[in-house]
Novice: 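Structure provided below as structure tokens; questions to follow.
Predicted, not measured: the structure shown is a model, and the values here were computed from it. The analysis underlying the following values was restricted to heavy atoms, covering all of them including side chains, and did not include hydrogens, waters or symmetry mates.
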Amino acid sequence: MQVNPIILPSWLTSQCVFQQGVEHKIEGVAAPSATVTLEIVKDPTDGRKVSKLDTDYGVILSREATTNAKGRFSFTIPPYKASGDAYTFTFKCLSDQTTLTDIRCGDVWVFLGSDFLSIPMKEANATKAPLKRKVMNYLRFYLPSRSGLEDGEEIYSYEEKTHYKNSEWIKVTETAKLAMVSSSAFAFAYRLSDQISYPVGIVDLSYNDSTIINWIAPFAMDRVEALKDVVKSMGLYLDEDAYKNLLKIDEKKKKASELKEEYKETIESGDIDISMQDEIKRLEGQDPDDIKPLDIDFPTSDDSSLNSAKGHKENISFTSASQLDFDMIPEKKDDDKLSRADERKFIKSKYRMSILYRSKLVPLKNLAVRGFCFSPDKGELLFERYDLFLMGLLTTLAEVFEPKEVFDDSLMPSILFVTMHPNDVDFENPYSVLEFNENFTAFTKMLSMPSGIVSMHDMLLPDKTISFILGMRLATIALGTHFSPKMSKSSPEPNDIEIAGNKRIIKFSNLNSGLNAQDATGEITGFAVAGEDRIFYPAHAKSLYGMCVMVWRDDIDEPVSITYGFTPFPHDATLKNGEDLPILPFRFDRDPAYFAPDLSFTHCDSLQFVGKRTPDSDFENLEIYRTFKGKGIISQDTIHKLTGIASLRIRYETDKSLYGFEPCLEYASLFSPIEIYGRTKIQLSVFNPDQKKKKLIVEDFGEAEIRQQLTWQTITLDYSESGPIRLDSLRIYIEDKDRNGEIYIDAINFI
């Protein structure tokens, strides 16, 4: 007798976690026109004896269904409460039986997207904290192939994959497999389970070489018509014919690559085949390695402050369809080549529509979940109307995952977002990431489903613990969203303001337990204010009772707007709440303005800052000041200071009566020349401890005598050029007839 194996959903395996509190629909395939039975057994994992009269254990469900002519069947199982108890699912059809063991009921989360969410455990370091055995036993991870291509698959098929070939749930004891799990997902699951004390399962779909368009289903494009129009205008919309033409191009590209390797071998052997070289040229049209991904500018509105602030006479054009012309196959009438009518633009996989939906999401259909975590890729800066792409993603997720209808708000799945990291900044359009994150944040406020957003702007230095910290932050807002109203549901944002003279008192949402203790006591950096001229300058900021922040600048009587961390590399925006969630960078309005450049060197509070030496280098701690004439030791003095937390103490040895030092302004992250609008003077506070006759000289500003007295003195010098102050460098000299000396400098200002 022929035996038809019972085929179950890919996600339903031994060791799996299923979502507590909701019904589950289980669809499968078995012998046609046959009876299928399902029996669910629940056993306590603590080994205690259970009475036969206890209906909570033993066989808790027994159902049967009849398959249709194609062998399809369906079961609906009722909601169960989360617990650490073990479930066994047994399916029988005729002589075939499938038994799934060690199943748990808890919360299921889906991780998808790119960037830090996709860093595996083996490439990250956990923060130093002891792990609890009980919590570790609660964790399960489901990890299909990262790329979506499984054994034997070389291309992303246009056909939807209904089942994974090889996938299973992973326990923490399976260390070799666990090493491939997302480190953010692990940290998220551990912190969450540690707080709620029941199982957490993570479906880890994140893939580093992906963008949001890969995850959006074709039906979502059709439902969100405006999105479809945008995708078409970008040349990225792919129906079946267009996609299959792309696969033909892929095949020719692969063939050309293979021929190149073969041709290289013939050259090395001295047996040169000219016809092979011609065939390579004919296949390529141009070198495949020269094919570049789409280069589409970030879409900024016509009235964007970026256009106005930089003084453009015309708005920057962000419609770049013309830039998409990089056909791989040249036009030739040849049987081996695509015809002109079929010829399509080459598109890299990360920009191909729906490929990860077909290969990674479809096999998870009907999986019930608690929520999703999503992180964008740098390539998504290229997409116009990103809000439409997010709508397409949510439409896709709502169709694939359960529950589709929710009558209890507490069971509504949530989506938690991660902002784009400053490392993704485009140096040609440095404010693009900031505007992207602004729009991202604004989108979350329009959703009816629970949502939150976590910023990463404070984690600049390369550190293998970043992905773990991100996972813990996501877990924090997951707890606030679903379990504890006293916890934050998102990174804090401003939600109210009070006026007190020239000071502004800002209140924040999601501050909960207040500001981080360190932030609540020290001077706060990262804020800037603007007057009527719409020119922003660094501002003073101070915590009030650890629950709000007072912001002001002495020379601006009527502030009209405030920003925080609104610079491409916000290294000084470190303000957090008590749960370690950083306050999101913000600006109070989007009116045209000149935003404050990075003037951290003026504070004289630190000798280093976090920045980029070159556009392509990693973030690192960079020296703020250096000696360029004579010899000197530049240090901090936290006691003898005028403002802030420290002053610069400089002990020097002159060269021909001059000692010179300067802030290092050539770093890529400072975007020199630094332009300072609306100011015509420089002001420095100096202290002359050895009371010798000295002179202060500032290049492009002039010179002045330093008085021989034991008090701080303020020296003001006029800028010698017309127009805004423009700094490629800022060379400061101390003229001293004696060979050795000492000087303190603090509070450099432009007025």
Novice: Looking at D102 and R140, is there a salt bridge between them, counting it only when a charged N and a carboxylate O are closer than 4.0 Å?
Specialist: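 Salt bridge between R140 and D102, a charged N being under 4.0 Å from a carboxylate O: yes.
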
Novice: Do Y190 and V135 make a side-chain contact, defined as non-hydrogen atoms from C-beta onward lying under 4.5 Å apart?
Specialist: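 Side chain of Y190 against side chain of V135, heavy atoms only: contact under 4.5 Å found.
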
Novice: Which residues pass the side chain to side chain contact (heavy atoms under 4.5 Å, CB included) test with E174, not counting sequence neighbours?
Specialist: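 With sequence neighbours excluded, E174 shows a side chain to side chain contact (heavy atoms under 4.5 Å, CB included) to Q15, I170, K171, K177, given in chain and number order.
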
Novice: Can you tell me how far the CZ atom of F619 sits from the CG atom of L460, to the nearest 0.5 Å?
Specialist: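 So the gap between those two atoms works out to 5.0 Å.
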
Novice: If you take all heavy atoms of V108 and V17, which pair is closest and at what distance?
Specialist: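 Looking at all heavy atoms of both residues, the closest pair is CG2-O, 3.4 Å.
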
Novice: Check the orientation of H24 and W11. Use parallel for under 30°, tilted for 30 to 60°, and perpendicular for over 60°.
Specialist: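 Tilted: the ring planes of H24 and W11 meet at 30° to 60°.
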
Novice: Just say parallel, tilted or perpendicular for the rings of Y142 and Y164, cut-offs at 30° and 60°.
Specialist: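 Rings of Y142 and Y164: tilted, 30 to 60°.
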
Novice: Test of understanding: with side chain to side chain contact (heavy atoms under 4.5 Å, CB included), list the residues that count as partners of A179, not counting sequence neighbours.
Specialist: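 Testing A179 for side chain to side chain contact (heavy atoms under 4.5 Å, CB included), a comparison that skips the adjacent residues, returns K122.
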
Novice: Just by distance, with hydrogens left out, do T465 and D463 show a side-chain donor and acceptor under 3.5 Å apart?
Specialist: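 Side chains of T465 and D463: pair found under 3.5 Å.
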
Novice: I'd like to check L394 versus L390 (side-chain heavy atoms, cut-off strictly below 4.5 Å). Are they in contact?
Specialist: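 No, every pair of side-chain atoms sits at 4.5 Å or beyond.
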
Novice: Using ring-ring contact (aromatic ring centres under 6.0 Å, His included) as the criterion, list what pairs up with H457, not counting sequence neighbours.
Specialist: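 Listed in chain order: nothing, the list is empty.
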
Novice: Just to verify, what does S451 make a side chain to side chain contact (heavy atoms under 4.5 Å, CB included) with, not counting sequence neighbours?
Specialist: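 In terms of side chain to side chain contact (heavy atoms under 4.5 Å, CB included), with neighbours along the sequence ignored, S451 is linked to I415, T444, L447.
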
Novice: Is it true that E620 and R613 have a side-chain N and a carboxylate O under 4.0 angstrom from each other?
Specialist: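 So E620 pairs with R613 through a salt bridge.
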
Novice: Under 4.0 Å between a side-chain nitrogen and a carboxylate oxygen: does that hold for D250 and K244?
Specialist: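 Between K244 and D250 there is no salt bridge, as every charged N stays at least 4.0 Å from the carboxylate O atoms.
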
Novice: Which heavy atom of A478 sits nearest to which heavy atom of L416, and what is that distance?
Specialist: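 Nearest heavy atoms, A478 then L416: CB-CD1, 3.8 Å.
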
Novice: Going by atom types alone, do E579 and N512 pair a side-chain donor with an acceptor below 3.5 Å?
Specialist: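 Looking only at side-chain atoms, N512 and E579 do not form any donor-acceptor pair under 3.5 Å.
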
Novice: Could I get the full list of side chain to side chain contact (heavy atoms under 4.5 Å, CB included) partners for K576, not counting sequence neighbours?
Specialist: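 If we apply the side chain to side chain contact (heavy atoms under 4.5 Å, CB included) test to K576, skipping adjacent residues, the hits are D458, R473, N516, D519, D580, P582.
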
Novice: For atom NZ of K404, decide whether the heavy atoms of other residues, nucleotides or ligands shown that lie under 6.0 angstrom number more than 12.
Specialist: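 Atom NZ in K404 is crowded, with more than 12 foreign heavy atoms closer than 6.0 Å.
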
Novice: Are K161 and E159 close enough for a salt bridge, meaning some N to O gap below 4.0 Å?
Specialist: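 No, K161 and E159 are not salt-bridged.
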
Novice: For the residue pair H421 and F116, categorise the inter-ring angle as parallel (less than 30°), tilted (30 to 60°) or perpendicular (more than 60°).
Specialist: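 H421 vs F116 ring planes: tilted.
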
Novice: If only side-chain N and O atoms count, and only distance matters, is there a donor-acceptor pair under 3.5 Å linking Y57 with D85?
Specialist: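 Note: D85 and Y57 side chains meet the donor-acceptor criterion.
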
Novice: Taking only residues two or more places apart in sequence, or in another chain, which ones meet Y156 in a ring-ring contact (aromatic ring centres under 6.0 Å, His included)?
Specialist: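 With sequence neighbours excluded, Y156 shows a ring-ring contact (aromatic ring centres under 6.0 Å, His included) to no residue whatsoever.
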
Novice: Using 30° and 60° as the class limits, which term best fits the ring planes of F18 and Y80: parallel, tilted or perpendicular?
Specialist: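 Aromatic pair F18/Y80 classed perpendicular.
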
Novice: Is R146 paired with D209 through a side-chain N to carboxylate O contact shorter than 4.0 Å?
Specialist: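 Between R146 and D209 there is no salt bridge, as every charged N stays at least 4.0 Å from the carboxylate O atoms.
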
Novice: How about F443 and Y386: are their ring centres within less than 6.0 Å of each other?
Specialist: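 That pair fails the under 6.0 Å test.
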
Novice: Are side-chain N/O atoms of S118 and S206 paired as donor and acceptor at under 3.5 Å?
Specialist: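 The criterion, which ignores hydrogens and geometry beyond distance, is not satisfied for S206 and S118.
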
Novice: Got more than 12 heavy atoms from elsewhere within 6.0 Å of NZ, K365?
Specialist: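 Enclosed.
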
Novice: Whether K350 and D377 form a salt bridge (side-chain N of Lys/Arg under 4.0 Å from carboxylate O of Asp/Glu) is what I want to check.
Specialist: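 The answer is yes: the pair qualifies as a salt bridge.
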
Novice: Taking only Lys NZ, Arg NE, NH1 and NH2, and the carboxylate oxygens of Asp or Glu, determine whether D115 and K378 approach each other closer than 4.0 Å.
Specialist: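 Result for this pair is no, no salt bridge flagged.
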
Novice: Rounded at 0.5 Å granularity, tell me how far CZ in F188 sits from CG in L470.
Specialist: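 The CZ atom of F188 sits 10.5 Å away from the CG atom of L470.
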
Novice: Given side chains that start at C-beta, do those of T173 and M136 come closer than 4.5 Å, heavy atoms only?
Specialist: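 A side-chain contact is absent here, since even the closest heavy-atom pair is not under 4.5 Å.
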
Novice: Between T88 and T99, what is the shortest heavy-atom contact and its length?
Specialist: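 Heavy-atom minimum between the residues: CG2-CG2, 3.7 Å.
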
Novice: Indicate yes or no: at least one non-hydrogen side-chain atom of Y138 is less than 4.5 angstrom from one of V200.
Specialist: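 Of all side-chain heavy-atom pairs linking V200 with Y138, none is under 4.5 Å.
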
Novice: Using 30° and 60° as the class limits, which term best fits the ring planes of F569 and F427: parallel, tilted or perpendicular?
Specialist: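 Correct class here is tilted.
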
Novice: Please state whether the rings of F417 and F374 are parallel, tilted or perpendicular, taking 30° and 60° as the class boundaries.
Specialist: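 Judged by the thresholds at 30° and 60°, the geometry between F417 and F374 is perpendicular.
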
Novice: How about T476 and R191: does a side-chain donor come under 3.5 Å of a side-chain acceptor?
Specialist: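 Yes, because at least one side-chain N or O of T476 sits under 3.5 Å from a partner of the opposite role on R191.
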
Novice: Does M391 have more than 12 heavy atoms from other residues, nucleotides or ligands lying within 6.0 Å of its CE?
Specialist: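 Atom CE in M391 is not packed in, count stays at 12 or less.
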
Novice: So, do L479 and I477 sit near enough that their side-chain heavy atoms are less than 4.5 Å apart?
Specialist: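 SC-SC contact between L479 and I477 ruled out.
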
Novice: Would D107 and Y198 count as having a side-chain donor-acceptor pair, cut-off 3.5 Å?
Specialist: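 Result is yes, a qualifying pair exists.
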
